[in-house]
2 protein chains.
Amino acid sequence: MTASSKPRADALNVLSGEELSSAAQRERRKRIVDATIALASKGGFDAVQMRAVAERADVALGTLYRYFPSKVHLLVSSLGVELERAQEKMDRTSIPGDNAYERVLFVLGRITRGLQRNPHLTEAMTRAFTFADASAGAEVDNVARLMERMFTRAMSEEEPTDEHKAIARVISDVWLSNLVAWVTRRATASDVATRLELTVRLLLA
Amino acid sequence: MTASSKPRADALNVLSGEELSSAAQRERRKRIVDATIALASKGGFDAVQMRAVAERADVALGTLYRYFPSKVHLLVSSLGVELERAQEKMDRTSIPGDNAYERVLFVLGRITRGLQRNPHLTEAMTRAFTFADASAGAEVDNVARLMERMFTRAMSEEEPTDEHKAIARVISDVWLSNLVAWVTRRATASDVATRLELTVRLLLA
DNA sequence: GAAGTTTATAGAACGTGTTCTACTTCTGCC
DNA sequence: GGCAGAAGTAGAACACGTTCTATAAACTTC
C-alpha cells in the first residue's frame, strides 16, 4: 500500500511522519483518556478495565501500559485533564461574591455539583486518587496543585498569601474527603453542602 | 476424645461449647486481625494478601472471607481495633495544654508520631480506608467516628458543641489527607507537622 | 446420642491488573 | 531504498482478590 515510486512520497512521508510521530501519539493518548472517561462515566472504577480501555481506545494492551504504567496513573491523569477543563471554564466566568468566603463557596458549590452530575466518573477518579501509591506521586501532586490553585484563585485574584494557601489546602482536603464520603454513600449531597459551608465559614468568616 | 459416658460431660460440653462457639470464634477473629496487623507492619497494603493472612491466622481462606468479606473490610476493621487501643491509651493519660488549640495539637502530634513509627501498617490502613467502597461503609463510618471522637475529647471534656464537632471533622479530614500524603511520600513528617499545626491554628486560635 | 444445621477446611476456579514474548510496523538516518 | 532501533500489536502468562465445590467437624435440638 505504500506509494514507493513517487518522488513526493518522501516529503509527504516526512511531513505526515512528523505529525504522526508526535501527533499520532498525542492522538493515541487522547483516545485513551477519552475511553477512560467514557468507561468511568458508565460504570465507575470497576468498569475502567485495562483491556476494555485498550479495546475502546483501539490500542494494544501493551501500548496502554506504555502510556500509563497503571490503572491508577491512568485515572489520576484523567482527573488532571478534567480538572484543567473545569479550571478553564471557571477562568472564563467571573466569580460572584463580595468576599473570599462567598467566592470560595460559589466555586465549591459549582464544581461539586458538576462532579455530582457524573457520579460514576467521580467515584472512579476520587477512588483512584486516594488509592494512589508512591509511584503515582507526581500525578497525584499535580492534581493536588490544581485543586489548591482553584481555591486560591477563588479567594482573591492577587498572588496568594501563605495563609490563603494554607486555607486552600484545608479546603481541598475537606472537599475531597466529602466527595469520597458522597461516592461511597456515607453522606448525601446536602450533607456535603452543609459540611463544606461550615468548613469555609470556620476558615474564612 | 469426647468423654461420652460421664454424666458431667453434658454440662461440660455445654460450658466449653459455650465458650468454644463464641470464644473459639472470638479467638479466630483475633488471630485474623493479629495476622493482618503483623503482615501489614512488615510489608504494607500489598503484603496483606488474603492467602497469607489465612495461613498465618491458621484458618481456611473461606473462613477468612466469612469473617471479613473483603480485604478492605479486614483492614478497616483492623484500623478500628488499633484506633480503639490508641484511644484507650489516650484516655488513661491526661492531655496537657491550657486551651483547645494546645490540647488538640498535643493529641495530633502524639497519635501522628505513633502511626509514623509503623509506616507500613499506616500505609496499609490508610489506603484501605480511603479506597473503601460503599460495601464497607459501616466500617469506615465507625473509624471516622472514632477519629472525630478523639479530637472532640481533646478539645474539651464537656459534651462537644456542634462547632467543636465540625472542627473535629475538619481536623480528621486534614489529618487523614496528610497521613496519606506522608505514606505516599509526597510529604515529609515535618511537612505533616507544619500543616497540621497551621490547620489547627486556623480553626482554634 | 442421632439427625440436621451451621461453620470450617482444602483446594480448584475465575476475573482483572500487570508482565512477558514473539512478531510487525513505523521512524530517523546513511 | 535499506537498516537499526523505537513503538505498536496480539495474545499468552502470571499474581492475587474473590468465589465456588466437596468434604469434614462442631454445634443444636430432640
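What's counted below: heavy atoms across the whole structure, side chains too, no hydrogens, waters or symmetry copies. A note on names: the letters A, B, ... follow the listed sequences, proteins ahead of strands, and every chain is numbered from 1.
- If you take CD on Glu139(A) and CG on Leu74(A), they are separated by 10.5 Å, rounding to the nearest 0.5 Å.
- Against DNA chain D, the stretch residues 67-79 of chain B makes heavy-atom approaches under 4.0 Å through Ser70(B), Lys71(B).
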Solution key, residues 170-177 of chain A side-chain donor-acceptor pairs under 3.5 Å, sequence neighbours excluded:
unit_1    : atom_1 : unit_2    : atom_2 : d
Ser172(A) : OG     : Ala168(A) : O      : 2.9
Asp173(A) : OD1    : Ser177(B) : OG     : 2.7
Asp173(A) : OD2    : Ser177(B) : OG     : 3.3
Trp175(A) : NE1    : Thr112(A) : OG1    : 3.0
Ser177(A) : OG     : Asp173(B) : OD1    : 2.7
Ser177(A) : OG     : Asp173(B) : OD2    : 3.3

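- By the side-chain contact (heavy atoms from CB on, under 4.5 Å) test, Ala54(B) pairs with Val59(B), Leu61(B), Leu64(B), sequence neighbours left out.
- Near DNA chain C, meaning a heavy atom under 4.0 Å from it, residues 40-60 of chain A has Val48(A), Gln49(A), Met50(A), Arg51(A) in order of number.
- In the displayed structure, Arg185(A) atom CZ is contacted under 6.0 Å by at most 12 heavy atoms of other residues, nucleotides or ligands.
- The stretch residues 127-137 of chain B participates, sequence neighbours left out, in these side chain to side chain donor-acceptor pair (under 3.5 Å) pairs: Glu123(B)-Arg127(B), Asp133(B)-Ser135(B).
- Annotation: side chain to side chain donor-acceptor pair (under 3.5 Å) contacts involving residues 77-90 of chain A, sequence neighbours excluded, comprise Glu82(A)-Arg85(A).
- In this structure, Asp133(B) places its CG atom 13 Å from C1' of dT18(D), rounding to the nearest Å.
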Mind listing the N/O atom pairs, protein and nucleotides 22-24 of chain D, below 3.5 Å?
none

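- The side chain to side chain donor-acceptor pair (under 3.5 Å) analysis of residues 47-63 of chain B, with sequence neighbours excluded, yields no pairs.
- Side-chain proximity of Leu61(B) to the nucleotides dA12(D), dT9(C), dT19(D) is greatest for dT19(D).
- Residue Gln25(B) places none of its side-chain N or O atoms closer than 4.0 Å to OP1 or OP2 of dA26(D).
- Pairs engaging residues 107-138 of chain A under the ring-ring contact (aromatic ring centres under 6.0 Å, His included) rule: Phe131(A)-Phe45(B), Phe131(A)-Phe131(B) [sequence neighbours left out].
- The nearest whole Å value for the distance from the CD1 atom in Ile32(B) to the P atom in dT7(C) is 14 Å.
- One can place CG of Leu64(A) at 15 Å from C1' of dG11(D), the figure rounded to the nearest angstrom.
- Atom-to-atom, CZ of Arg28(B) to P of dT6(C) comes out at 17 Å; the value is rounded to the nearest Å.
- Among residues two or more places apart in sequence or in another chain, the side-chain contact (heavy atoms from CB on, under 4.5 Å) test is passed with Arg103(B) by Ile95(B), Glu157(B).
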Using distance only, find each side-chain donor-acceptor pair of residues 145-154 of chain B under 3.5 Å and give its atom names and separation, not counting sequence neighbours.
unit_1    : atom_1 : unit_2    : atom_2 : d
Thr152(B) : OG1    : Glu148(B) : O      : 3.3
Thr152(B) : OG1    : Arg149(B) : O      : 3.0
Arg153(B) : NH1    : Asp91(B)  : OD1    : 3.0
Arg153(B) : NH1    : Asp91(B)  : OD2    : 2.8

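- dT21(D) atom P lies 17 Å from atom OH of Tyr65(B), rounded to whole Å.
- Checking dT19(D), dT18(C), dT7(C) against the side-chain heavy atoms of Arg66(B) singles out dT7(C) as nearest.
- Residue pairs that meet the ring-ring contact (aromatic ring centres under 6.0 Å, His included) test with at least one member in residues 57-76 of chain A, sequence neighbours left out, do not exist here.
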